[in-house]
Amino acid sequence: MEDSPINRLPEDTLHQIFSSLSLRQIMICRSVCKLFNRTLTSSSFIHLISARSHLHLLALRPPHLHHHHHSRHASLHSCIHVYDPDQNQWLRFSLDFLPFRSPHPVASSLGLVYLWADSPDSNKSLIVCNPLTRQYRVLPQLGSAWSRHGSVLVDSRNRVMVLTELAALYFSFSQKTQQWLKFSSNLPSKPRSPIMISNSVFALCDVGSPWRSKWKLFSCAVKNLLNLNLNVMNNNWECLERHEWGDIFDIMKRPRLIPGDGNKILMIGGLKSNYSFNQSCSTILILRLDLETMEWEEATRMPEAMHRWFQDSKFKVFGGGNRVCFSGKKVGRLALWDCCKWRWIDGVPGNGDELFRGFTFEARLTAIP
């Protein structure tokens with residue numbers, strides 16, 4: 001490439017040539033050579049194509065590391081592995097522009113990725129970055145306990161919440177103080193798969209006994225938290241129950257929530273074959289709750305041939321909209337429900353035996369607030 005005539009082209013000419021490509025093609029071209037990478041990551045080129053349409057991707061969170069596995073998974077921590085369902089291919093976004101150790105992506109919204117990383121003083125910091133523009137910003141300092149026990153939630157306005165059973169932290173880029181606001185949670189148990197939709201937070205909580213789980217759906221409006229006087233904290237969580245729902249939560253084993261399209265929530269779990277204590281599941285069920293009508297409906301259930309790989313193993317679920325991804329222990333690949341179609345995803349990074357968590361990632365050229 002050093003002797004290629006393309007090296008003698010002016011930068012503006014290169015920008016005009018590459019600006020005719022789609023965002024997906026630009027991402028691929030970045031890995032061709034140093035010249036292409038430097039050209040396609042420059043601030044002037046990013047500004048030129050900033051209005052380009054975004055990509056709907058599924059991003060993997062790195063597996064939790066044990067000390068003796070560190071070297072084997074080190075490469076998974078220096079980048080974000082994403083799957084492009086439209087092209088059926090894996091892509092990789094480097095995180096080498098971050099001056100932090102052990103970046104661990106946990107959430108995304110509007111093209112921005114939120115991740116925990118080790119700061120120079122050995123504390124965990126929550127960082128927002130855009131892997132496409134290679135820009136980042138460190139959010140106000142948090143204690144390391146929040147990274148171990150808190151769930152990071154981000155909505156379409158890039159409002160950030162870190163939620164635990166006892167407390168919640170809230171941060172907005174538009175607020176004047178630019179500090180975390182702390183609120184009491186007072187949930188009955190550790191929140192399971194919390195999500196943020198339509199200015200509210202939703203989470204499942206187990207209100208049963210140590211011997212038998214009993215799941216309930218709880219919600220809290222973000223505005224109710226912000227209106228609280230910090231010295232007088234009331235419980236603003238509401239248990240959502242309707243008589244017509246019947247035993248909707250009792251038929252599912254270990255349910256979890258995922259944001260659906262628009263004003264909808266998806267609940268995924270094993271469909272119990274009976275009500276015994278250690279019951280088996282006949283399939284994996286996806287239910288959909290319309291928050292406007294507060295009515296549940298069955299979205300789909302996993303095909304029997306696919307469910308055989310998950311029925312005897314622990315599995316994780318992630319996704320959003322009409323895409324739900326399943327990762328099972330030693331399955332070696334991911335299962336995907338994609339707009340009413342079920343299919344397998346091969347070529348999972350690593351040896352394929354790990355349990356992967358993940359999140360949806362709309363890759364776009366969004367500026368850091």
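What you see is a predicted model; the values in this text were computed from it and never measured.
The aromatic rings of Phe326 and Phe315 are tilted relative to each other, their planes meeting at an angle between 30° and 60°. Ring pair Trp342/Trp337 is tilted by interplanar angle, where 30° to 60° counts as tilted. In this pair, Phe45 and His15 present their aromatic rings tilted. The plane angle is within the 30 to 60° band. Using cut-offs of 30° and 60° for the angle between ring planes, the Trp180 and Phe171 rings count as tilted. The aromatic rings of Tyr136 and Phe97 sit tilted relative to each other, their planes meeting at an angle between 30° and 60°.
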Exercise for the section: Could you walk me through whether Phe318 and Phe356 pass the ring-ring contact (aromatic ring centres under 6.0 Å, His included) test, one step at a time? Expected result: CA-CA 9 Å; Phe318 60 92; Phe356 282 101; 8.4 Å; no
Problem - Candidate pair Asn130 and Thr366, rule side chain to side chain donor-acceptor pair (under 3.5 Å), full reasoning - result: CA-CA 7 Å; Asn130 188 328; Thr366 306; 4.6 Å; no
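Trp146 places no side-chain N or O within donor-acceptor distance of the main-chain N or O of Val152, the cut-off being under 3.5 Å. The main-chain N or O of Asp155 is found under 3.5 Å from a side-chain atom of Ser109 such that the two form a donor-acceptor pair.
Side chains of Asn186 and Trp237 form no contact here, defined as non-hydrogen atoms less than 4.5 Å apart. Using a 4.5 Å heavy-atom cutoff, the side chains of Val207 and Phe218 are in contact. Taking the side chain as every heavy atom from C-beta outward, Arg301 and Leu285 approach each other to under 4.5 Å.
Remark: Lys272 does not engage Asp250 in a salt bridge, criterion side-chain N to carboxylate O under 4.0 Å.
In the hydrophobic clustering of this structure, Leu271 groups with Trp215; members are Ile, Leu, Val, Met, Phe, Trp, Tyr whose side-chain heavy atoms approach within less than 4.5 Å, directly or through other members.
Side-chain contact check for Ser213 and Asp206: at least one donor-acceptor pair (N or O, by modelled atom type) lies under 3.5 Å.
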